[in-house]
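A short worksheet on the structure shown next.
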Amino acid sequence: MELVRESTYRYVIPPHEEMRVPAVVYTTEDLLPLLTKDEALRQLANVARLPGVVRCAVGMPDMHQGYAFPIGTVAAFDIEEGVVSPGGVGFDINCGVRVIRTSLTAPEVKRVLEEIGNILFATVPAGLGSRGLEKFSHKEARRAMKKGLGWALEKGMAVEEDLEATEEEGCLRDADPQLVSDEALDRGREEFGTLGSGNHFLEIDVVEKVFDPQKAKALGLFEGQVVIWIHTGSRGLGHQIAMDYMEKMRPRMESYGIPLFERDFVSLPVKAPQSQAYLGAMAAAANFAWVNRQLITHRVREAFSRVFRRPWDELGLFLLYDVAHNIAKYEVYEVDGAERMFLVHRKGATRAFPAGHPALRGIFREVGQPILLPGDMKRGSYVLLGTDRALKESFGSVAHGAGRQMSRHAAKKAFGFKEMQEDLAREEIRLYAVDRRRAQEEAPGAYKDVDAVVKPLVGEGLAVPVVRTRPLLVIKG
DNA sequence: ATGTTC
């Protein structure tokens with residue numbers, strides 16, 4: 001696969017064979033060997049072969065092989081000529097990240113860290129197959145999927161500020177819960193407010209470095225501050241919807257003359273009825289995921305309130321922001337000199353809108369949209385801001401995390417749980433894990449260095465760093 | 001990622 005270096009951190013696969021547009025990859029020389037060790041570049045070239053793909057297929061520095069589209073991909077499709085692809089969204093629909101601010105400092109929280117950790121570990125269901133504390137009726141589950149965070153607001157488990165600080169205000173209006181299968185709905189009903197497993201986590205971090213004091217202040221962030229990270233998605237519900245619609249859409253591809261590059265590389269024209277149905281069900285799963293992260297937020301607020309014996313708002317536990325990194329949405333871009341609506345797929349990629357963007361609410365319209373970019377449980381995570389450059393080059397998108405550099409299998413063999421826990425303890429990081437063997441797959445060494453992943457994004461002007469945080473306490477499924 | 005098997 002020919003990869004041409006066009007600038008320091010921007011590489012291009014020129015269109016060849018049936019590629020309709022180039023593929024662009026943001027990376028560093030150091031990360032380049034990781035990009036070529038699997039099928040990710042070939043998969044990205046396949047994305048560039050799909051009908052109606054515009055400008056370029058974009059690969060991020062955390063890109064690696066996935067089912068169909070690589071994880072770490074952004075691609076936009078023309079509404080008339082283009083396609084929608086469930087494999088361009090991923091199985092965990094609206095997997096995403098949120099950060100809760102606090103007005104607490106590290107020393108204040110360290111004194112009670114064990115108590116908070118024990119409460120959170122007991123009250124936030126985590127692990128594979130974990131069930132929520134409450135099983136909702138079919139009707140209630142459908143209402144939640146239709147209304148997203150508006151539903152949590154009604155239930156007294158969210159405040160208005162939470163909606164303002166969430167991408168799409170936590171609700172895709174196209175959601176149609178009637179398009180969600182009974183099987184998917186039944187899985188979802190038991191999964192409200194659960195963390196899940198794999199790379200999902202709940203973390204208490206401290207802001208260890210401020211890159212931009214003015215922007216940090218505008219976002220309510222300061223050095224030494226305690227913040228909480230939540231990474232989870234739509235659990236079995238989204239997974240079931242993705243599978244259901246791949247099965248429905250696959251047999252229709254031939255009649256539209258769309259090639260099937262691999263089993264899960266399913267796509268149909270945006271206008272096809274099956275595509276529209278997928279988008280309605282996908283939106284329902286996305287809304288469910290926002291509710292899921294909100295219910296966990298509610299538990300976090302309760303835990304802090306209990307330990308500090310003060311209401312959560314007095315402790316400053318407001319939402320910094322919530323971003324989706326597995327989703328497809330209609331967005332406006334300028335392509336070939338004209339502004340139009342496109343269907344943007346982000347799979348393992350985070351939206352990165354700049355200040356002034358009409359989709360942003362409140363303070364974010366002035367400052368820009370926070371990009372929440374988690375690293376690993378030892379080296380920490382970044383908060384950055386979107387830029388005009390990202391809007392012009394990468395469909396307002398950047399990477400979604402450090403990205404794996406080691407397979408799950410290899411990581412499990414390389415890292416024992418106890419040595420990992422001890423290694424973290426030396427850094428004063430407390431680790432809780434439901435499944436120890438599964439946690440081994442998530443060892444820091446299994447991930448790329450988050451600093452290295454952020455470097456090309458900042459270097460090419462797609463994002464501006466605001467703060468870096470480091471973990472004090474980690475909960476894994 | 002996922003009732004650990006698409």
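Note: hydrogens, waters and symmetry copies are ignored here, and every other heavy atom, side chains too, is used. Proteins come first, then strands; the chains are lettered A, B, ... in the order of their sequence lines, and each starts at number 1.
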At 4.0 Å (heavy atoms only), tell me whether A:R235 reaches a base, stays on the sugar-phosphate, or touches nothing.
sugar-phosphate
Here the distance between atom C1' of B:dT5 and atom CG of A:D264, to the nearest Å, is 13 Å
Whole Å only: how far is the CG atom of A:D92 from the P atom of B:dC6?
14 Å
Using a cut-off of 4.0 Å on non-hydrogen atoms, how would the nucleic acid contact of A:E262 be classed: base, sugar-phosphate, or nothing?
nothing
Between A:L195 and A:R263, just flag the one whose closest nucleotide in DNA chain B comes earlier from the 5' side.
A:L195
Show the nearest heavy-atom pair for residues A:A446 and A:F415, with the distance to one decimal.
N-CE1, 3.9 Å
Rounded to whole Å, how long is the line connecting atom CE of A:M246 with atom C1' of B:dT2?
12 Å
Could you check A:G129 against A:E247 and say which one's nearest nucleotide on DNA chain B is further toward the 5' end?
A:G129
What is the minimum heavy-atom distance between A:V83 and A:L343, and which atoms define it?
O-CD2, 4.2 Å
Any donor-acceptor N/O pair, A:S85 side chain to A:V266 backbone, under 3.5 Å
yes
Closest listed nucleotide, where the reference is the side chain of A:H200 and the choices are B:dT4, B:dC6, B:dT2
B:dT2
Send over the distance from A:E442 CD to B:dT2 P, rounded to a whole Å.
11 Å
A:M243 CE to B:dC6 P: how many Å, rounded?
6 Å
Within 45° cone of A:Y447 ring axis and under 6.0 Å: A:R404 NZ or CZ
yes
When rounded to whole Å, the CD to C1' distance for the pair A:Q440 and B:dT4 reads 15 Å
Nucleotide B:dC6, atom P - distance to CD of A:Q240 in whole Å:
10 Å
Solution key, residues 253-263 of chain A side-chain donor-acceptor pairs under 3.5 Å, sequence neighbours excluded:
{"residue": "A:S255", "atom": "OG", "partner": "A:R252", "partner atom": "O", "Å": "2.9"}
{"residue": "A:E262", "atom": "OE1", "partner": "A:A68", "partner atom": "N", "Å": "3.2"}
{"residue": "A:E262", "atom": "OE2", "partner": "A:Q43", "partner atom": "NE2", "Å": "3.2"}

Between C1' of B:dT5 and CZ of A:F91, the distance in whole Å
12 Å
Respond yes when some side-chain nitrogen or oxygen of A:S197 is under 4.0 Å from OP1 or OP2 of B:dT4, and no when none is.
no
